Asker: 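Can you read through this structure? Questions will come right after.
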Amino acid sequence: MLKVMNHPLITHKLTQMRKVETGTKDFRQNLDEIAGLMAYEICRDLPTKPVMIQTPICECQTEELSKEIVLIPILRAGLGLVNGITDLIPTAKVGFIGLYRDEETLQPHEYFAKFPNTMPDAVNMVLDPMLATGGSAVAAIDMIKKRGAKTIKLVCLVGAPEGVKAVEQAHPDVDIYLAALDDHLNEKGYIVPGLGDAGDRIFGTR
């Protein structure tokens, strides 16, 4: 299932990120804020369990989350989504997948992987600001499925139709969440209109 979050605050903040003149500080701050806004909606269907608690007034039957949340950023740009989500879900655990893209073939290659052991029973959120060709997302999801993950959500800032199609074909059981669905990929595999290289703009490396 593809969910594009057409919310005025998300659109406004994403507009600031798209601007070529936006510097690292403002780019990073807007990304944190969008991640938090997206997380609120993404968590709408999280499973809960009944619990009995004592309030200052009386006993009360209510509910609390029944599964752990695991955030899995695709290095390095995916790290930019972690803070905004952990501000909302401070108990979330964080795993890491390191992939790099071959600039000629556009295919992803793994160079690092580290995960908590709770993935099989957790709600796992794969994080990457850009869903371009979909190669990195498909590879990352392949990797965490091999480690027993069953409930997986792909969380991206901006996506291209080509990337969405690739993920849907490879992993039809994974929900995809975007702040915006852009027009297409250019000949270099970059999203149009996009916002440039998210990793470089987050960390100020270019």
Side-chain angles (χ1 to χ4, degrees), residues 1-14 17 28-75 77-97 113-131 137-138 140-159 164 167-168 170-181:
M1 180 191 73
L2 172 64
K3 173 71 172 178
V4 180
M5 300 188 178
N6 295 313
H7 188 286
L9 280 176
I10 291 177
T11 301
H12 171 79
K13 294 176 186 299
L14 182 57
M17 295 180 68
R28 192 180 296 154
Q29 180 177 337
N30 279 288
L31 180 56
D32 282 349
E33 293 169 355
I34 291 175
L37 290 167
M38 291 182 69
Y40 184 82
E41 180 63 28
I42 292 164
C43 292
R44 183 178 295 276
D45 63 350
L46 291 183
T48 60
K49 62 183 179 183
V51 294
M52 186 69 72
I53 64 169
Q54 179 71 45
T55 78
I57 308 301
C58 64
E59 282 193 336
C60 170
Q61 182 166 326
T62 181
E63 295 183 351
E64 64 183 15
L65 294 179
S66 62
K67 288 192 174 185
E68 284 191 351
I69 310 299
V70 175
L71 307 180
I72 307 170
I74 299 176
L75 301 178
L79 290 171
L81 291 163
V82 172
N83 286 345
I85 298 177
T86 54
D87 282 347
L88 188 67
I89 315 171
T91 57
K93 295 183 177 178
V94 183
F96 302 92
I97 296 179
K114 185 76 172 180
F115 306 106
N117 58 13
T118 55
M119 285 200 312
D121 298 318
V123 175
N124 301 277
M125 299 185 188
V126 178
L127 312 179
D128 194 353
M130 314 302 286
L131 178 57
V138 169
I141 295 167
D142 284 340
M143 291 168 62
I144 67 172
K145 281 187 173 180
K146 288 178 181 178
R147 290 166 170 83
K150 301 177 184 66
T151 304
I152 303 168
K153 298 174 181 286
L154 176 62
V155 182
C156 303
L157 194 67
V158 177
V164 171
V167 175
E168 288 179 335
H171 298 287
D173 57 326
V174 172
D175 292 334
I176 305 170
Y177 296 86
L178 301 177
L181 180 62

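Bear in mind the structure is a predicted one, so any value in this text is a computation, not a measurement.
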Asker: Do Asp45 and Lys153 touch side chain to side chain, with heavy atoms closer than 4.5 Å?
Answerer: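 Yes, side chains in contact.
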Asker: State the CE-CG distance between Met125 and Leu154, to the nearest 0.5 angstrom.
Answerer: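 Met125 CE to Leu154 CG: 11.5 Å, rounded to 0.5 Å.
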Asker: How close do Ile85 and Ala35 get, heavy atom to heavy atom, and via which atoms?
Answerer: CG1-O, 3.8 Å
Asker: Taking all non-hydrogen atoms of both residues into account, name the closest pair between Ala180 and Val4 and its distance.
Answerer: CA-CG1, 4.1 Å
Asker: Considering non-hydrogen atoms only, spot the tightest contact between Ala179 and Met38 and give its length.
Answerer: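 Minimum heavy-atom separation between Ala179 and Met38: N-CE, 3.7 Å.
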Asker: Scan residues 30-42 for pairs that pass side chain to side chain donor-acceptor pair (under 3.5 Å), counting only residues two or more places apart or in two chains.
Answerer: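 Qualifying pairs, neighbours excluded: Lys13-Glu33, Gln29-Glu33, Glu41-Arg44.
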Asker: Could I get the full list of salt bridge (Lys or Arg N to Asp or Glu O under 4.0 Å) partners for Lys145, not counting sequence neighbours?
Answerer: Asp173
Asker: Start with the C-alpha distance between Ile72 and Val70, add both sets of side-chain angles, then the distance that settles side chain to side chain contact (heavy atoms under 4.5 Å, CB included), and finish with yes or no.
Answerer: CA-CA 6 Å; Ile72 307 170; Val70 175; 3.8 Å; yes
Asker: What distance separates Lys114 NZ from Leu75 CG, expressed to the nearest 0.5 Å?
Answerer: 13.5 Å
Asker: Testing Leu71, Ile69, Ile152 for side chain to side chain contact (heavy atoms under 4.5 Å, CB included) with Val123, which one passes?
Answerer: Ile69
Asker: Quick one: NZ on Lys67 to CG on Asn124, what's the gap to the nearest 0.5 Å?
Answerer: 9.0 Å
Asker: Do Met130 and Cys156 have side chains that get closer than 4.5 Å, going by heavy atoms?
Answerer: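 Not touching, per the 4.5 Å side-chain cut-off.
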Asker: Go through Leu131 and Val164 one step at a time and tell me if the side chain to side chain contact (heavy atoms under 4.5 Å, CB included) criterion holds.
Answerer: CA-CA 7 Å; Leu131 178 57; Val164 171; 3.9 Å; yes
Asker: Could you tell me which non-hydrogen atom of Pro116 sits nearest to which non-hydrogen atom of Gly95, and how far apart they are?
Answerer: CD-CA, 3.8 Å
Asker: Would Lys3 and Asp175 count as a side chain to side chain contact (heavy atoms under 4.5 Å, CB included) if you check the C-alpha gap in whole Å, the side-chain angles of each, and the deciding distance to 0.1 Å?
Answerer: CA-CA 8 Å; Lys3 173 71 172 178; Asp175 292 334; over 6 Å; no
Asker: To the nearest 0.5 angstrom, please state how far the CG atom of Leu157 sits from the CG atom of Leu31.
Answerer: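 Answer rounded to 0.5 Å: 6.0 Å.
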Asker: Please find the pair of heavy atoms, one from Phe115 and one from Phe96, that lie closest to each other, and give the distance.
Answerer: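 Closest approach of Phe115 to Phe96: CE2-O, 3.8 Å.
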Asker: Quick one: pull up OG1 in Thr86 and CG in Leu81 and give me the separation to the nearest 0.5 Å.
Answerer: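 If I round to the nearest 0.5 Å, the distance is 10.5 Å.
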Asker: Taking all non-hydrogen atoms of both residues, which atom of Lys150 and which atom of Pro120 are closest, and how far apart?
Answerer: NZ-O, 3.7 Å
Asker: State which residues pass side chain to side chain donor-acceptor pair (under 3.5 Å) with Thr118; sequence neighbours excluded, sorted by chain then number.
Answerer: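 Side chain to side chain donor-acceptor pair (under 3.5 Å) list for Thr118, sorted by chain: Glu68.
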Asker: Apply side chain to side chain donor-acceptor pair (under 3.5 Å) to Glu63 and list each qualifying residue two or more places apart in sequence or on a separate chain.
Answerer: Thr48
Asker: Output the distance between atom CG (Leu178) and atom CE (Met5), rounded to the nearest 0.5 Å.
Answerer: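 Rounded to the nearest 0.5 Å, the CG-CE separation comes out at 8.5 Å.
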Asker: For Asp142, what residues pass the salt bridge (Lys or Arg N to Asp or Glu O under 4.0 Å) criterion, not counting sequence neighbours?
Answerer: none
Asker: With sequence neighbours excluded, what pairs up with Cys60 under the side-chain contact (heavy atoms from CB on, under 4.5 Å) test?
Answerer: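 Testing Cys60 for side-chain contact (heavy atoms from CB on, under 4.5 Å), a comparison that skips the adjacent residues, returns Ile53, Thr55, Thr62.
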